Engineer: 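Before anything else, here's the structure in question.
Letters go in sequence order (proteins before strands), and every chain restarts at 1. Side-chain atoms are counted along with the backbone in the values below, which use heavy atoms only and exclude waters and symmetry mates. All values reported here derive from a predicted model rather than from experimental measurement.
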Number of protein chains: 2
Amino acid sequence: MTTMSNRYQAEAGKNRPTMRHVAALAGVGIKTVSRVMNDEPGVSDATRQRVLGASQQLNYQLDMAAGSLRRTGRQTLSIGLLLPSVANPFSSEIHRALEDALAARGIAVFAASLDDDPEREKSLVAAFLGRRVDGMVLTPIARNQSYVIPEHSRDLPMVFIDREPVGIEADAVVTDNAVGAARAAAHLMAQGHTRVAYLGDRTDIQTARERRRGFIEELGRAGIATSTVPVREGLHNEDSARRAALDLLTAEEPPTAIFSSQNLITFGAMRALKELGASRRTALVGFDDFTLADMMDPGITVIAQHPERIGKLAAERLLARIDGDSSPAQTYVVPSELIQRGSGELPPVS
Amino acid sequence: MTTMSNRYQAEAGKNRPTMRHVAALAGVGIKTVSRVMNDEPGVSDATRQRVLGASQQLNYQLDMAAGSLRRTGRQTLSIGLLLPSVANPFSSEIHRALEDALAARGIAVFAASLDDDPEREKSLVAAFLGRRVDGMVLTPIARNQSYVIPEHSRDLPMVFIDREPVGIEADAVVTDNAVGAARAAAHLMAQGHTRVAYLGDRTDIQTARERRRGFIEELGRAGIATSTVPVREGLHNEDSARRAALDLLTAEEPPTAIFSSQNLITFGAMRALKELGASRRTALVGFDDFTLADMMDPGITVIAQHPERIGKLAAERLLARIDGDSSPAQTYVVPSELIQRGSGELPPVS
DNA sequence: TTGAAAGCGCTAACAA
DNA sequence: TTGTTAGCGCTTTCAA
């Protein structure tokens, strides 16, 4: 005991104190310290106070990693979140909603950015697994997610967001992409447009394909020959979208309305219209809402997604799985919403 | 040995395999598995292959937490990042730059949102510490950061961003708030403005006070009686800024130019100007750049911060500290930049 | 109410 | 080149 006191009590403040240091200083056993630090019952008030005092004096902090190593269930109270980019506004709102739902349970979030790189997806998932996260929320980008099947079978909770996974049956939370895009088509046709162009993202992205499908099919249902619909795809940034829009608008028989399938593409279309002085002549509906959309001239009509709802729902599903829910995997669809601001209500001008 | 084989090899796939399982399957000692998994030398090629095979067959994954528990230096390859909100565009760009710089070293990032709550700051820092992060990047909001002195003295690397910490000497990376605001003042005066209003954030925020000081002092240096400068402070969202701007602009002797000290305040000012039809009559310079600023009419002139540089620099400082740099704490200043887009170049109209 | 001993999955130190 | 033993900081188990 004297040895222990000497050994642990005397050590300088450079090294982080452990339970043994606290125990030695308080003159109790290490298990008693453990009980106090974890708010477990079975410790007298006097002892508890003594331990608390020692712990504060040493500035002691429980080591979660060491604890969860032995603890049954072995939870780390951390999860992994994989996003296209943490800097993407849509992603970061999902992130925020998730964080809020998980913070209530003391769960910390590892966030990482994919940058559309399938290899990164796999290595970031591996990094999460190596840190023994209690669950993962993933935006899939790789062709196939079957590489996580082993972990999923070991009951590691997993929720996919924005896009459904391929090759594995797991929970997913997605927007009604096709329905939303169809709504955009119907809205433009209701204003009298029949010549409506589609500006789309890279076709290897599932949501982009869904939006295209929903849009075109709705035009078809209204009797428009879908083969005549001007379609420009593979656009992945503002400038390629801008050029595609300029191209369409300066061709013969330009469209009287444009549907842009994503934020950056909408920005590109807006620029093209502005350059041509056609902002009040050509109708525009964009998928994804954005800051200041209502401050544009005219205001930009959009199909808004609800990232907060996606994040919240994903967190709820993840927590349910962590708590042992073993019902079959399911895809949850968060409805999008048409927000009229002017650009989508312009009548056709030929 | 037979016992071990039975015990570890036969277990079902539900439990995560450990090194012992791999060792048993490969017919080697556990330390050999450790060597292979950590790419350490001193293992014959044949043995290495056998271990690798067994590890893949079992879908084995090294447990970083368990490893770092014993490993000298005890690094977890994770850091904590505290932001006003992960959903704030300025914050999330810093986050992204940090992530990129740290990913190269295999370091994962715990991100959390403060929401201007000093209590949250402390509890989130405690959560990071309990997870034994290798370092922290913090946006301070509490009055005082002396509560982390014990950890800082134990050589836990820490870099403060956006605002300087109080009560502790630690590295910080900040924007030249006063200088940037002064640049806005000088720019507006160069257009001939003498009656310039200031719309500012809550005065308990250090950067808000700095911006105000820089702005007012620059007006004073030019001979403007600083007591006559119309100042509205304590604005913390778009609508309060909008109302303050409306108030100023509809009073007697309205300002001919406005400086707004932050993103949301700029949006509020823009709305007020639009409502009054004064967008082309009253000059506006905002602190903080934002998406589509150039698409407004007129384009919005701003003092742009450089979140990517702040994030990158913070990461560099953190890594240097993690690598043992023990030079005195220092504050690094990232210069802001005036971007002219039209709104700040309007001449005074009375 | 309290604490000693074992062991979580791994690496350090050392021996073979 | 390989393996054995101890032990990281903690919780579990069980005995006092």
Engineer: Where each residue is assigned the nucleotide of DNA chain C containing its nearest heavy atom, which of A/Ala66 and B/Ser68 is assigned the position nearer the 5′ end?
Structural biologist: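 Per heavy-atom nearest nucleotide, the more 5' residue is A/Ala66.
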Engineer: How many whole angstroms separate atom CZ of B/Arg48 from atom P of D/dT2?
Structural biologist: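 Interatomic distance, CZ of B/Arg48 to P of D/dT2: 9 Å.
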Engineer: Estimate the overall bend of the helix from C/dT1-D/dA16 to C/dA16-D/dT1 from the end axes over five pairs each, rounded to 10 degrees.
Structural biologist: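 Rounded value for the end-axis angle: 30°.
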Engineer: Classify the side-chain pair B/Thr76/B/Asp134 by whether it contains a donor and acceptor separated by less than 3.5 Å.
Structural biologist: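 Present: a donor and an acceptor within the cut-off.
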Engineer: Quick one: label A/Thr72 by what it contacts on the DNA or RNA (base, sugar-phosphate, nothing), any heavy atom closer than 4.0 Å.
Structural biologist: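 Here A/Thr72 touches the backbone only, sparing every base.
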Engineer: Specify the separation, in whole Å, of atom CZ of B/Arg132 and atom P of D/dC10.
Structural biologist: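 Going from B/Arg132 (CZ) to D/dC10 (P), I get 7 Å.
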Engineer: Rounding to a whole Å, what distance do you find between A/Arg16:CZ and D/dG9:C1'?
Structural biologist: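 Rounded to the whole Å, the gap is 12 Å.
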Engineer: Does the pair B/Arg96 and A/Ser113 meet the rule for a side-chain contact (heavy atoms from CB on, under 4.5 Å), with working shown?
Structural biologist: CA-CA 8 Å; B/Arg96 184 58 211 267; A/Ser113 304; 3.4 Å; yes
Engineer: Below 4.0 angstrom, N of the basic side chain to O of the carboxylate: do A/Asp323 and A/Arg105 qualify?
Structural biologist: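 Counted as a salt bridge, because a side-chain N and a carboxylate O are separated by less than 4.0 Å.
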Engineer: What is the distance from NE2 of B/His21 to P of C/dC10, rounded to the nearest Å?
Structural biologist: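 Spelled out: NE2 on B/His21 to P on C/dC10 is 10 Å.
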Engineer: Could you list by number each residue of residues 30-47 of chain A showing a heavy-atom separation from DNA chain C of less than 4.0 Å, or answer none if no residue does?
Structural biologist: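 Heavy-atom contacts with DNA chain C come from A/Lys31, A/Thr32, A/Arg35, A/Gly42, A/Val43, A/Ser44, A/Thr47.
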Engineer: Take the protein atom CZ of B/Arg74 and the nucleotide atom C1' of C/dG9, then report the distance between them rounded to whole Å.
Structural biologist: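 My rounded result for the distance is 13 Å.
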Engineer: Does atom CD (A/Glu169) have a neighbourhood of more than 12 heavy atoms from anything else shown, all under 6.0 Å?
Structural biologist: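 12 or below, so no.
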Engineer: Taking A/Glu308 first and then A/Lys312, would you say they form a salt bridge - that is, a charged N and a carboxylate O separated by under 4.0 Å?
Structural biologist: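 The answer is no: the pair does not qualify as a salt bridge.
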Engineer: State whether B/Arg120 and A/Glu99 are salt-bridged, where the test is any N-O pair (Lys NZ or Arg NE/NH1/NH2 against Asp/Glu carboxylate O) under 4.0 Å.
Structural biologist: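 Yes, charged N to carboxylate O under 4.0 Å.
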Engineer: To the nearest Å, give me how far apart CZ (A/Arg71) and P (D/dT13) are.
Structural biologist: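 From A/Arg71 CZ to D/dT13 P: 12 Å.
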Engineer: Rounded to whole Å, please give me the gap between CZ in B/Arg50 and C1' in D/dT1.
Structural biologist: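 After rounding, the reported distance stands at 12 Å.
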Engineer: Could you state the CZ-C1' distance from A/Arg70 to D/dT12, rounded to the nearest angstrom?
Structural biologist: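 Spelled out: CZ on A/Arg70 to C1' on D/dT12 is 5 Å.
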Engineer: Checking B/Glu316 against B/Tyr332: is there a side-chain donor and acceptor pair closer than 3.5 Å?
Structural biologist: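 Their side chains do not contain a donor-acceptor pair, so the 3.5 Å distance test is not met.
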Engineer: Under 3.5 Å, is there a donor-acceptor pair between the side chain of A/Glu164 and the main chain of A/Thr331?
Structural biologist: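 Here the side-chain-to-backbone pair does not exist.
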Engineer: At what distance, to the nearest 0.5 angstrom, does OG of A/Ser327 lie from CZ of A/Arg317?
Structural biologist: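 It comes to 5.5 Å.
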